[in-house]
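Structure, as structure tokens:
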Amino acid sequence: MTKQHWEQIEQLWQQALQIEPRHREAFVKNQTESDESVRAEVLAMLQQEDHSADFLETSALENAARQLAHDKLNAPTIELQGQRFGAYEVISELGAGGMGTVYLARDLHLDRTVAIKVLPDGFKHDPDRLKRFKREAEMLAKVNHPNVATLYDYDRESGYGPRYLVMEYVSGETLDERLKRGKLTAVEAAPIFRQIAEALAAAHAQGIIHRDLKPSNIKIMPNGVVKVLDFGLAKSTAKDLTWTAASTGARNGKATTLTQPQMILGTPGYMSPEQVRGEKALDQRTDWWAFGCMFYEALSGRNPFRSHTIADTNAAILEKEPDWKTLPIETPTAIVRLVHRCLQKDPQRRVRNVSEVLPELKNIQAPARLTIVAYQLRRAAPQLGLLAAGLAILISLFATYQWLKPKPKTMLAIIADQSASPCDLSQSEAIAKAINDKLRSVQGVEIVIPISSDRGQPFLMIDAALTQTALTAEATTILKVAATNCTNSSSPINYSLTRKDGSSLSSGTATDLSQLLLNVVSTLNLPSKVEAWQTSEEDRQYYRAVALLEHYVNEQSVKDALDILHRLEQADQVNLARSKAALGWGYYLQDYLLQVIPPKNSNQTNNREKALSYCDQATNLQRNDPNVLLMCGRVSTALGNLDKAITNFQSLLQQRENDPEAVLELAKAYEFKGEAKNAETQYLRALALRPGYWDVYNQLSGFYFERGEFQKAEEYAQRVTELLDLNPVGFNNLGITLLYQGRYDEAITAYYRSLDKKRLPSTYHSLGTTYLYAGQCNKAVEAFQQGKTLDQEDAEFWGAEGEALSCMGQTVQAANAYEQAIRLMNQQDVSRDASSLSLLAEWYARRNNKKLALQKIEEALQLAPHNYDCIVSAIKVYKLTNEPEKLMIQFEKAVKNRKSLFEVEHDPCVNEITEQETYRKIIEQHKTQRG
Amino acid sequence: MAMNIAPPHDVTQLLVAWSHGDQAALDQLVEIVHDELHRKAHHYMRQERPDHSLQTTALVNEVYLRLVDSKAVTFNDRAHFLAVCANTMRRILVDHARARQQQKRGGEYQKVALDEALMVSNQVGGVDLAALDEALERLAEFAPRKAQVVEMRYFGGLTVKETAAALSVSEDTVMDDWKFAKAWLLKELRNQ
């Protein structure tokens, strides 16, 4: 190993730890840019993770002392063989524990095999030990139950207490051993846990709590009978037993209670919060907690709280919610509900009685439709902190729509391979899109991604980001495709189909799309209807055009797409409607691009009219074609025909029930229409459909942000950063949600995390604005200047720098910056872009050019009277040009929106007005109205 | 047992001298600390009560209080002293473990498999200190600080705060090193 290797190992290990535990292995396997040896090393370390909690957590000295003691305990083993204890003859050792060594023995009277637990020699005169041993015997004697190992006999000869116990010998493997072979399905686990529950019920009925339930204390016999072992730590809640409450023994002249306060009782990872806190008054609910832990572990393969160190594990028990997503998706609701109730940190809310447990374990079968629905709803709750109201919406929604169907076996993510493609990805994206559409209606498979149309951010088009997205979105299988030729759309296709753990299902080269589909379908064991997989050259052309429109929104790509679609319009009469609909979307995009960055003197053709006309034609041809509904629905949303858009997406959802993409489009249309409740409902619906897909959280965060619900926006933005930590925009967004809550320091931290991922101009803009609002004008200047180094021609940075310089009182430099901003902005035609116009107005106002300032801001307000960015700009312009009446009109608009109000209150250019009596009153009024 | 222990004053002076760069002072210091710790560690180990938690920290602190005039040294000097103790403790315990193994090999001793040992590490068995020592040497080749963290925490019983002070790094760094080292060492021990 070299030093360099070592650094890579450390780095990869740190990265892996940032990811949810269940995805770590796959993540590491996918880091193909690291050396194989590096990955192998990190994987080997990760495999130890579950076991590392206790490792090295007791000191070396203690370890050495224990080994010494162990040597002593071990020594008599050999001597004991063949030795008799009363009527019992020792055959062999079964196992050793702190409470004693257990031997297999023969009962010479009854001629049966028994287990004898013998107190180690070293403890035979220890009153504490003798008492505890006696207590175990008495407890076992009281609990006579088929699921508890029966006590047959004990040593009655000793005056102090029994030196050995004779118990039923239970063959079979422990639950711990069983779980080492793999986790259990709900159907397998239910009978085991039913028996554990019954054993606990019997003990609890006697006032006995076990206190040390863990998988190694549960034995599963070959005939399926389950026995709970080791009541060595058990405690009676009854007060009449002399050896329970604070019984003392004299040793070294000091009084010692039976369980000393410093002693760790119980086992890390299974202790209840009250046990961790060292509370003395424990009751049966402690056992139900451990029961829940074991159940969770049995189903998921992981202890819900175990962490690297005992301290971390204990902290997790006290504070952290288990990761409910680790439970398999098909787990029946009843069981999830039960585990949930067992793992309530507040004992008051936890299961108390077996009567609450057994009904949940009856009739556990393969999951049915309704149970899955309820589970998904609940599952979203803990991680998101969804409010009860949100949950209620979700549940009532279910009554109206039936939008969640059972999860199919295969959750497929289709990814255009970013590394294997020789040129731009549109050919590969086209293949991904085609497969997505073809497999969409097939039973047994669900497409996880792509679902969103606007992911065309280059920094996310990298393999690591897409793979992470696929895994967090709960893909079980990943299909990567790569075209082998950039220009020829009928060239062969490389593909690989892997499981989520990175292991390969199949890979190779397919001669064409049809063959690829056939390979995928047969590998995944999907119903094979050969004719459905036939694809034509036209199909591939069409999907290429769609890929160009959806992933590469720039002038050239739109132009190329329109060319392809016009050719298809002539050549492909069969699919004329979809081509026309895509043309509609393409012309809308062209209109949009010209509006944002129009070249000077371009003859603005009637792109909008063309967009509308193509959509009309498409609708007339095939009103209910899903492609037509989707594309033309988008055009309608974009052009403000929101009712039409909503109708389109609703019809689409009738055909493609639960298609997250359609749900998100519907949500957006409602949002733009101002129907916030409906929009929220649909966003949450998308979230329930794709609980691990970052973009849904991203959209929802944006929705709340625009509504001024910054705290909610922050929660969802936070989730975005967790789900896809490679995404710089996620951290930038998080920062902005913090900024609007006045949490400047946290916001700045988030921006720097974003800049660590990628230096994006927009992040410097956010950073500078935050410093400006926080009153750190010099730092704001610095941030804007750094942003400017990324794009010298960006007018906005010049303008922003001017503001920061004004704030510092450096009027000369500020004036230069404003002039530069004005010059750059005027190189473009911004006559139709309200936000550019309003910025321009601000800069004119700063340069005391009152006439142009007023002219530009009025143009902007005419174009977009309800755009809050323009309204805030107008307030600044009217303040600078001293137009108090006009200012008041805009001010009254601004206070209605929390975002713009925040800006007015914090922007150094205008914030002083909010201290004036008149304005203050208006603000107060609105705040009280809002409640 | 009569031990030839230097009076507190001397150890304090040695410690101060060492903190000013006097390497010879360190050698003397180690010698004194070794004798004292050796005696105490063996005393503790022979109590043979595996269910009673032994506090290395307590032990080291006891040695510290016995040997050092705490008013005359700074917190950082104290941390350095504890680091010396940790290293000494490591040598004592590893030597002890090696001796124990040799003794066992003569008899019919079966080495407890590590899995099993870990399973019951709260009760008996535990970590093979000799193997751990070798693994730590390998770790130190590439990540000397991580190895030191383990030495101080595991062998010396230093708290995270004390370890951080002794190494002049943040507590977060100590925790990161600790987690990494644990996983790496466990992997090494298992792959033996």
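Here is the naming used below: chain letters follow the sequence lines, and residue numbers restart at 1 for every chain.
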Original post:
If only atom types and distance count, is the side chain of B/T173 paired as donor or acceptor with the main-chain N or O of B/V169 below 3.5 Å?
Top reply: no
**OP:** Evaluate the side-chain proximity of A/L229 to A/I218: yes if any heavy-atom separation is below 4.5 Å, no if none is.
**Re:** no
Original post:
Which region of B/V150, side chain (C-beta onward) or backbone (N, CA, C, O), has a non-hydrogen atom less than 4.5 Å from a non-hydrogen atom of chain A, or is it both or neither?
Top reply: side chain
Subject >> Partners passing side chain to side chain donor-acceptor pair (under 3.5 Å) against A/S34 (at least two apart in sequence or in another chain) >> reply: none
Original post:
Do any pairs count as a salt bridge (Lys or Arg N to Asp or Glu O under 4.0 Å) and have a residue in residues 80-94 of chain B, sequence neighbours left out, and if so which ones?
Top reply: B/R90-B/D133, B/R90-B/E137, B/R90-B/E151
Original post:
So which part of A/E7 gets closer than 4.5 Å to some heavy atom of chain B, the side chain, the backbone, both or neither?
Top reply: neither
Subject >> When B/K146, B/E141, B/M175 are compared by non-hydrogen pairs under 4.5 Å with chain A, the top option >> reply: B/K146
